[in-house]
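To keep things clear, I will list the structure first and then write my remarks on it.
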Protein chains: 2
Amino acid sequence: MPDQPSKLRARRRAETQRTVQAHAVRLFTEHGYDATTVVDVAEAAGMSPMTVYRHFPTKEDLVLVDEYGALVAERIAAQPAAQPPIRRIGNALVDSAATLTGRDRGQGPSASEEFLLARLRLMISTQALRARHLDNHYVLQQAIVDALGCDTTDPDTVFRAQVAASACLAAMHTALVRWVEDDGRTELSAVIAKALAAAFGEAAVDSVGTGPYA
Amino acid sequence: MPDQPSKLRARRRAETQRTVQAHAVRLFTEHGYDATTVVDVAEAAGMSPMTVYRHFPTKEDLVLVDEYGALVAERIAAQPAAQPPIRRIGNALVDSAATLTGRDRGQGPSASEEFLLARLRLMISTQALRARHLDNHYVLQQAIVDALGCDTTDPDTVFRAQVAASACLAAMHTALVRWVEDDGRTELSAVIAKALAAAFGEAAVDSVGTGPYA
DNA sequence: ACCCCGATGTTAGTTACTACCAATCTGGTA
DNA sequence: TACCAGATTGGTAGTAACTAACATCGGGGT
């Protein structure tokens, strides 16, 4: 059963990855992304540069790991197909953000949220990271269009879905920037909902401020 | 008068830049962006690699020169401020595209348009170029928000403007991709107008299909 | 005619990343 | 327990995108 290689291997692997990433983000934040070399990260994590490259194909990936994409695509497919695309995408984005940051009743950012914030700060302020982050949206856009499962024989429908997806993601990204500028004090899902409403009108999200709280 | 250094210098400079860029885009298209080195480009253009770097700070800039940004920002400011931001931005995007491709009555793509198409094809298919191109949108977004000249003391207004700008640019980018997939046979400004209408409703653009033709 | 500055070239160095091979360590199995 | 297979790690060498510092050359304006 090579499908499940003992799981212990996988756990150790995931653990070292987290370790390396934590050191990387810390060093990047302290001394700047460009001023920090991969060798520096390797030394801090106590391993050879080669090993770092084995876990993260590029230096940028040390910051960019994306757990959000799969979540969104999954939720899109789960939405009723009757609603307009923008609404479906918007709901999926808001829900996914709520799940990801999953914060209980207005307390401050948790530890994992602080890490997310640190990563986002880097992604926004560093050109190379910002560029690749936006390119990830490009991939996510395709995933969303696929998940919408619209009639692929009609090129016009596909086009509209692509436009909806890219516009929603752009609005979400702006919300993300805003959230980071506010140091995560507000609630991410609410900021996203506000952004979507600003772009597409109130009809874009089920209802602003709903969700697990309300 | 060092402000206007004889103009002849500037013209020669611009000319060599065009030469280098033409060779670069040709080589990139023929052999692939990643498979072509800057040294290859320099040899093709008949100069040393250093000179190439003097004219284009990075390899990516050989493809990415952006003449669009200034055009858009300028047209935004020229629009009546009474209209909603999305409409103002949408009109500016459509008008700028029409100016840029400036084609007379449905003939095929001109020579300069072929060049634009080649560059866009590279920007879309090559990851590094795609990423930096999207990052340029990020800069353009700021320029648009500034050009809108909204009340900067109210953070909410600024946020809405940012959302509007990023969403419009995303829709325009999708239109761009579509246009390239169609090998520029349709009219770029019309595709952009269609994308904006799909995202924000018919109210987004003054009227689809208007402009210098209609 | 002269001088000055901008454009070009050369060299040497840094850094991200890759290919290849060797060593080692782990986890399950006979 | 002893062992095998495969996963993980490490080292070396190489490529390619840049950067810095310095020399050179040629054209333009005074």
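Chain naming here is simple, since letters A, B, ... match the order of the sequence lines and numbering starts at 1 in each. Since the structure is predicted, the reported quantities are computational estimates derived from the model, not experimental observations.
- One atom, CZ of B/Arg11, and another, P of C/dA7, lie 15 Å apart when rounded to the nearest Å.
- For the pair B/Glu15 CD and C/dT8 P, the interatomic distance rounds to 12 Å; values are reported in whole Å.
- When each of D/dC18, D/dA16, D/dT9 is scored by its nearest atom to the side-chain atoms of B/Tyr53, the top-ranked nucleotide is D/dC18.
- The base of C/dG9 is paired with the side chain of B/Arg54 by a donor and an acceptor separated by under 3.5 Å.
- The salt bridge (Lys or Arg N to Asp or Glu O under 4.0 Å) pairs that include a residue from residues 22-49 of chain A are A/Arg26-A/Glu30, where partners are two or more places apart or lie in different chains.
- The B/Ser48 side chain lies nearest to C/dG9 when the options are C/dG9, C/dA16, D/dA17.
- One atom, CG of B/Asp40, and another, P of D/dA16, lie 8 Å apart when rounded to the nearest Å.
- When the side-chain nitrogen and oxygen atoms of B/His55 are compared with OP1 and OP2 of C/dA7, none of them lie within a distance under 4.0 Å.
- Regarding B/Phe28, its CZ atom lies at a distance of 13 Å from the C1' atom of D/dA16, rounded to whole Å.
- Contacts of B/Pro57 with the nucleic acid, taken as non-hydrogen atoms under 4.0 Å apart, involve only primed sugar atoms and P, OP1 or OP2.
- Distance alone, capped at 3.5 Å, is enough to place a donor-acceptor pair between the A/Ser166 side chain and the A/Val163 backbone.
- Checking the phosphate oxygens (OP1, OP2) of D/dT9, no side-chain nitrogen or oxygen of A/Thr51 falls inside 4.0 Å.
- With D/dA17, D/dG11, C/dG9 as the choices, the nucleotide that has an atom nearest any side-chain atom of B/Met47 turns out to be C/dG9.
- For A/Arg13 and D/dT8, the shortest distance from a side-chain N or O to OP1 or OP2 is below 4.0 Å.
- For the pair B/Asp61 CG and D/dT19 P, the computed distance is 10 Å after rounding to whole Å.
- For A/Arg160, the side chain to side chain donor-acceptor pair (under 3.5 Å) partners are A/Asp156, not counting sequence neighbours.
- With A/Arg121 contributing its side chain and A/Thr29 its backbone, the two residues share no donor-acceptor pair below 3.5 Å.
- Whole-Å rounding puts the B/Gln17 CD to C/dT8 C1' distance at 14 Å.
- For A/Asp34 and D/dC18, the CG to P distance is 12 Å, given to the nearest whole Å.
- Annotation: of the two residues near DNA chain C, A/Met50 and A/Val39, the 5′-most nearest-nucleotide partner is A/Val39.
- Between the B/Thr37 side chain and the B/Val39 main chain, a donor and an acceptor come within less than 3.5 Å of each other.
- Across D/dA17, C/dC17, D/dG11, the shortest atom-to-atom separation from the side chain of A/Thr58 is found for C/dC17.
- When the P atom of D/dT8 is taken as reference, atom CZ of A/Phe56 falls 14 Å away, rounded to whole Å.
- Side-chain atoms of B/Lys59 lie closest to D/dC18 of the nucleotides C/dG9, D/dG10, D/dC18.
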